[in-house]
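Report on the following structure.
Along the sequence shown, residues are numbered consecutively beginning with 1.
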Amino acid sequence: MERNQLRRQIAVMRQTLFDQGFLDEQFIQLEELQDDTNPNFVEEVATLYYRDSSRLIHSLEQALEKSPLDFNKLDNYLHQLKGSSTSIGAKKVKAECTQFREYCRTGNGEGCIRTFQQLKKEYALLKKKLETYFQMARQAGPTQAACRPK
């Protein structure tokens, strides 16, 4: 595929991530920190996010299997996951964390379990989309500075 065509495709994919609510302004701020000395900065940050957050999701899964549910422990894991998700601009994951935490505060175990399933779905979907985005970006090579979505 021609490099310019690939870059246009990447730009459309990136814009779609914002339009569909997967990413927010924080992702752009990360992109603005990327430069020639560290051209893969955003991908590296996302990789660290997924390494750390997969551990938290596993911990949440284990905590949800216990009876009775320890809502404080769940909330602590969610606080960490929400913070990490906020730091990379994972908008939908952050929203699910917020809802999950609300169910923890009200002691709604059924709501916690239901929201956890949705959180895992949003998390996996974003991971897949970002992996594709970064793979295409690597193929296209270095590009100009980040720009705000329309």
Where do C112 and L64 come nearest, in terms of heavy atoms and distance? CB-CD2, 4.2 Å
Are Y103 and L60 connected in a single hydrophobic cluster, I mean Ile/Leu/Val/Met/Phe/Trp/Tyr linked by side-chain heavy atoms less than 4.5 Å apart? no
Taking every non-hydrogen atom, the tightest pair across F18 and D24: CE2-O, 3.3 Å
Polar side-chain atom of Y50 near backbone of K127 as donor-acceptor pair, under 3.5 Å: yes
Closest approach of L69 to G109 (non-hydrogen atoms, all atoms of both residues): CD1-CA, 3.6 Å
Decide side chain to side chain donor-acceptor pair (under 3.5 Å) for D35 and T37; before the verdict, give the C-alpha distance in whole Å, the side-chain angles of both, and the deciding distance to 0.1 Å. CA-CA 5 Å; D35 59 20; T37 61; 2.5 Å; yes
Should the pair E102-R105 be classified as a salt bridge under the 4.0 Å nitrogen-to-oxygen rule? yes
Can you tell me if S54 uses its side chain to pair, donor with acceptor, with the backbone of R51 under 3.5 Å? yes
So which atom in I57 and which in L81 form the shortest heavy-atom distance, rounded to 0.1 Å? CG1-CD2, 4.1 Å
Stepwise, does the side chain to side chain contact (heavy atoms under 4.5 Å, CB included) test hold for Q20 with K129? CA-CA 12 Å; Q20 293 177 349; K129 287 179 179 286; 3.9 Å; yes
Taking the side chain as every heavy atom from C-beta outward, state whether L23 and L126 have any pair of such atoms under 4.5 Å apart. yes
Measuring from atom CD of E122 to atom NZ of K94, what distance do you get when rounded to the nearest 0.5 angstrom? 14.0 Å
Quickly, which of L130, I28, L30 forms a side chain to side chain contact (heavy atoms under 4.5 Å, CB included) with V42? Name it, please. L30
E43 bridged to R138 by N-O distance under 4.0 Å: yes
Euclidean distance, H79 NE2 relative to R101 CZ, rounded to 0.5 Å: 6.0 Å
Check whether R7 reaches the backbone of A140 with its side chain - one donor and one acceptor, N or O, closer than 3.5 Å. yes
Closest non-hydrogen atom pair between C97 and L119, with its separation: SG-CD1, 3.5 Å
We want to know whether E131 and Q135 form a side-chain donor-acceptor pair, criterion being a heavy-atom distance below 3.5 angstrom. no
Check the pair Q80, R55 against side chain to side chain contact (heavy atoms under 4.5 Å, CB included), reporting the backbone distance first and the verdict last. CA-CA 11 Å; Q80 292 175 54; R55 178 188 51 80; 4.3 Å; yes
Does the side chain to side chain donor-acceptor pair (under 3.5 Å) test come out yes or no for S53 and Y123, once each step is laid out? CA-CA 9 Å; S53 56; Y123 173 86; 2.9 Å; yes
Side-chain contact test, heavy atoms from C-beta onward, threshold under 4.5 Å: evaluate it for L48 versus D52 and give yes or no. no
Under 4.5 Å between side-chain heavy atoms, counting indirect links through other Ile/Leu/Val/Met/Phe/Trp/Tyr residues: same cluster for I113 and F71 or not? yes
I'd like to know if K91 and E96 make a salt bridge, using a cut-off of under 4.0 Å between side-chain N and carboxylate O. no
What do the steps show when you test Q5 against Q9 for side chain to side chain donor-acceptor pair (under 3.5 Å), and what is the final call? CA-CA 6 Å; Q5 184 181 357; Q9 193 175 354; 5.7 Å; no
Is there a chain of hydrophobic side chains (I, L, V, M, F, W, Y, each step under 4.5 Å between heavy atoms) that links F116 to L125? yes
Taking the side chain as C-beta and beyond, is there a heavy-atom pair between Q26 and T86 under 4.5 Å? no
Are any non-hydrogen side-chain atoms of Q139 and I10 less than 4.5 angstrom apart? no
Rounded to the nearest 0.5 Å, the CD atom of Q117 sits from the OG1 atom of T115 at a distance of 9.5 Å
State, to 0.1 Å, how close Q34 and N40 come at their nearest heavy-atom pair, and which atoms those are. OE1-C, 3.7 Å
Flag yes if more than 12 heavy atoms outside K92 fall under 6.0 Å of its NZ atom; otherwise flag no. yes
Approximate separation, where rounding is to 0.5 Å, of F22 CZ and L17 CG: 7.0 Å
Between CZ on residue F134 and OG1 on residue T47, distance to nearest 0.5 Å: 7.0 Å
